[in-house]
Engineer: 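Before anything else, here's the structure in question.
In what follows, every chain begins at residue 1, and chains take the letters A, B, ... in the order their sequences are listed.
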Amino acid sequence: MSTHLATLVLVPEQSLLTDEVRALIGSETPAGTVQVTPRGWRHAVEVYTGRVPAETPAPGESVSGYAIAALETENGGTSRIPDLMPNSLLIANQWEFERPLRMGETLTASSRIVDITERFGGRFGYSIDFRTESVYRDATGAVVARGGITMTQYDVRDARSEEGAG
Amino acid sequence: MTVDSSSIHEGDELPLLHIQPSLGMVIRFCALQWTFPVFFYDADAARAAGLPGTIVPGPLKVGLLYRAVDEWLGGAGWVRQVRAAHRRPDPTNSPIDIAGRVARVYEEGGKRRADLELAIINQEGQPSVRGFAVVEFH
């Protein structure tokens with residue numbers, strides 16, 4: 001089999017980005033409320049630092065951004081990504097804060113699929129990237145924080161390497 | 001230790017943060033998120049997915065970048081943004097180093113800020129994650 005033919009057979013005959021899939025771009029999940037809780041903050045600090053915090057910040061006090069990871073538990077932001085390919089990996093993610101999170105505050109969360117793109121012949125062979133964003137707003141509607149991820153879906157049989165991240 | 005924001009310059013390096021993310025840390029992270037992809041804790045499932053074994057979750061690694069920056073700041077400021085581009089999987093129980101460098105120091109909105117370039121370096125000396133952060137000083 002020639003190299004060119006070998007490449008061609010890795011690409012599906014029809015794009016998996018159907019109109020139905022593209023329609024997911026921009027759609028938001030119903031908003032839910034989340035809270036920066038002492039328990040969630042403590043657990044997050046333990047996970048990321050390996051230390052058990054001696055004291056819990058007082059209500060209204062600034063807390064480290066680790067707490068956003070506990071907020072995401074409530075949101076389930078990426079649950080609506082359709083399974084178009086058998087394998088998936090995280091390739092990028094980010095946390096962004098307009099101000100520090102505060103102990104005890106309640107935020108309104110929403111998430112949406114920002115973009116869906118397909119790639120031909122990359123390190124994963126034919127693959128589809130999903131970029132999603134979760135947004136957390138305070139009681140006035142001001143954005144406090146954002147969390148973003150980019151996932152790639154691929155077929156491990158077509159991947160050229162184990163690169164990616166998890 | 002708290003960094004002195006007035007003496008920070010482009011090119012300054014953050015102290016290396018040496019970590020060995022254990023399977024226990026990964027499982028606690030999964031519990032925090034209440035999401036349990038099997039390849040994070042089952043080596044056979046990980047290999048079936050084309051991975052070298054169980055790996056450190058990407059979302060955990062962005063938090064470790066945050067930790068490196070937060071510990072460097074030591075209360076002198078706060079982290080506005082941290083980003084991670086994942087290049088290679090990091091197997092659980094393998095040591096990693098988190099390195100950082102001040103790329104730019106500037107004023108914005110009346111506040112002193114700095115952009116940081118970050119990387120997670122694996123045992124082979126290869127970057128498994130390229131990262132970026134923005135900090136704001138008090």
Engineer: Can you check whether anything in residues 42-50 of chain A gets within less than 4.5 Å of chain B, heavy-atom wise, and list it by number?
Structural biologist: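 From residues 42-50 of chain A, the residues near chain B are A:His43, A:Ala44, A:Val47, A:Tyr48, A:Thr49.
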Engineer: Does A:Gln94 form a side-chain contact (heavy atoms from CB on, under 4.5 Å) with B:Val62? I'd like the steps, not just the answer.
Structural biologist: CA-CA 7 Å; A:Gln94 66 179 68; B:Val62 80; 5.6 Å; no
Engineer: B:Val129 and B:Phe132: same hydrophobic cluster, using ILVMFWY side-chain contacts below 4.5 Å?
Structural biologist: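 No, because B:Val129 and B:Phe132 fall into different hydrophobic clusters, even though each may have its own neighbours under 4.5 Å.
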Engineer: Count I, L, V, M, F, W, Y as connected when their side-chain heavy atoms are under 4.5 Å apart, and connections chain through other members. Are A:Val135 and B:Val134 then in the same cluster?
Structural biologist: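 Looking at the clustering, B:Val134 is in a separate group from A:Val135.
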Engineer: Mind ranking B:Leu60, B:Ile19, B:Thr35 by heavy-atom pairs under 4.5 Å with chain A and telling me who comes out on top?
Structural biologist: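 Looking at each of B:Leu60, B:Ile19, B:Thr35 in turn, B:Leu60 comes out on top.
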Engineer: Quick one: does any side-chain atom of B:Gln33 pair with a main-chain N or O of A:Ala69 as donor and acceptor, under 3.5 Å?
Structural biologist: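 At least one qualifying donor-acceptor pair exists.
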Engineer: Group every Ile, Leu, Val, Met, Phe, Trp and Tyr by side-chain heavy-atom contacts under 4.5 Å, then state whether A:Val114 and A:Ile116 land in the same group.
Structural biologist: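 No, it is not one cluster - the side chains of A:Val114 and A:Ile116 are not joined through contacts under 4.5 Å.
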Engineer: B:Gly63 and A:Tyr66: which non-hydrogen atoms are nearest, and at how many Å?
Structural biologist: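 Shortest heavy-atom separation between B:Gly63 and A:Tyr66 comes out as O-CE2, 3.7 Å.
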Engineer: To the nearest 0.5 Å, tell me how far A:Ser64 OG sits from B:Glu71 CD.
Structural biologist: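 A:Ser64 OG to B:Glu71 CD: 10.5 Å, rounded to 0.5 Å.
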Engineer: Flag yes if B:Val56 and B:Ile121 sit in one hydrophobic cluster, no otherwise; membership is Ile, Leu, Val, Met, Phe, Trp, Tyr, and two members link when side-chain heavy atoms are under 4.5 Å apart.
Structural biologist: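 Looking at the clustering, B:Ile121 is in a separate group from B:Val56.
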Engineer: Does atom CD (A:Glu20) have a neighbourhood of more than 12 heavy atoms from anything else shown, all under 6.0 Å?
Structural biologist: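 Open.
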Engineer: When only pairs under 4.5 Å are counted, which of B:Gln81, B:Arg80, B:Met25 shares the most heavy-atom pairs with chain A?
Structural biologist: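 Most pairs with chain A among the choices: B:Arg80.
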Engineer: Does any heavy atom of chain A fall under 4.5 Å from the side chain of B:Val82, the backbone, both, or neither of them?
Structural biologist: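 Both backbone and side chain of B:Val82 come within 4.5 Å of chain A.
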Engineer: Hydrophobic cluster mates of B:Leu16, side-chain heavy atoms under 4.5 angstrom, ILVMFWY only, any path?
Structural biologist: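 Besides B:Leu16, the cluster holds no residue at all.
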Engineer: Taking atom CZ as the centre, does B:Arg113 end up with more than 12 heavy-atom neighbours from other residues, nucleotides or ligands that are less than 6.0 angstrom away?
Structural biologist: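 More than 12 within 6.0 Å, yes.
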Engineer: Would you indicate whether the side-chain heavy atoms of B:Pro59 and A:Leu90 approach each other to under 4.5 Å?
Structural biologist: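 A side-chain contact under 4.5 Å exists here.
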Engineer: For B:Ala133, is it the side chain, the backbone, both or neither that has a heavy atom under 4.5 Å from a heavy atom of chain A?
Structural biologist: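 Neither; nothing under 4.5 Å.
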Engineer: Is there a path of hydrophobic side-chain contacts, each under 4.5 Å between heavy atoms of I/L/V/M/F/W/Y residues, joining B:Ile27 to B:Trp34?
Structural biologist: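 Yes, because B:Trp34 and B:Ile27 connect within a single hydrophobic cluster, where side-chain heavy atoms sit under 4.5 Å apart.
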Engineer: Identify which part of A:Asn93 has an atom lying under 4.5 Å from any heavy atom of chain B, answering side chain, backbone, both or neither.
Structural biologist: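 Both backbone and side chain of A:Asn93 come within 4.5 Å of chain B.
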Engineer: Are B:Tyr66 and A:Trp95 near enough that their ring centres are under 6.0 Å apart?
Structural biologist: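 Yes, the ring of B:Tyr66 comes within the 6.0 Å limit of the ring of A:Trp95, centre to centre.
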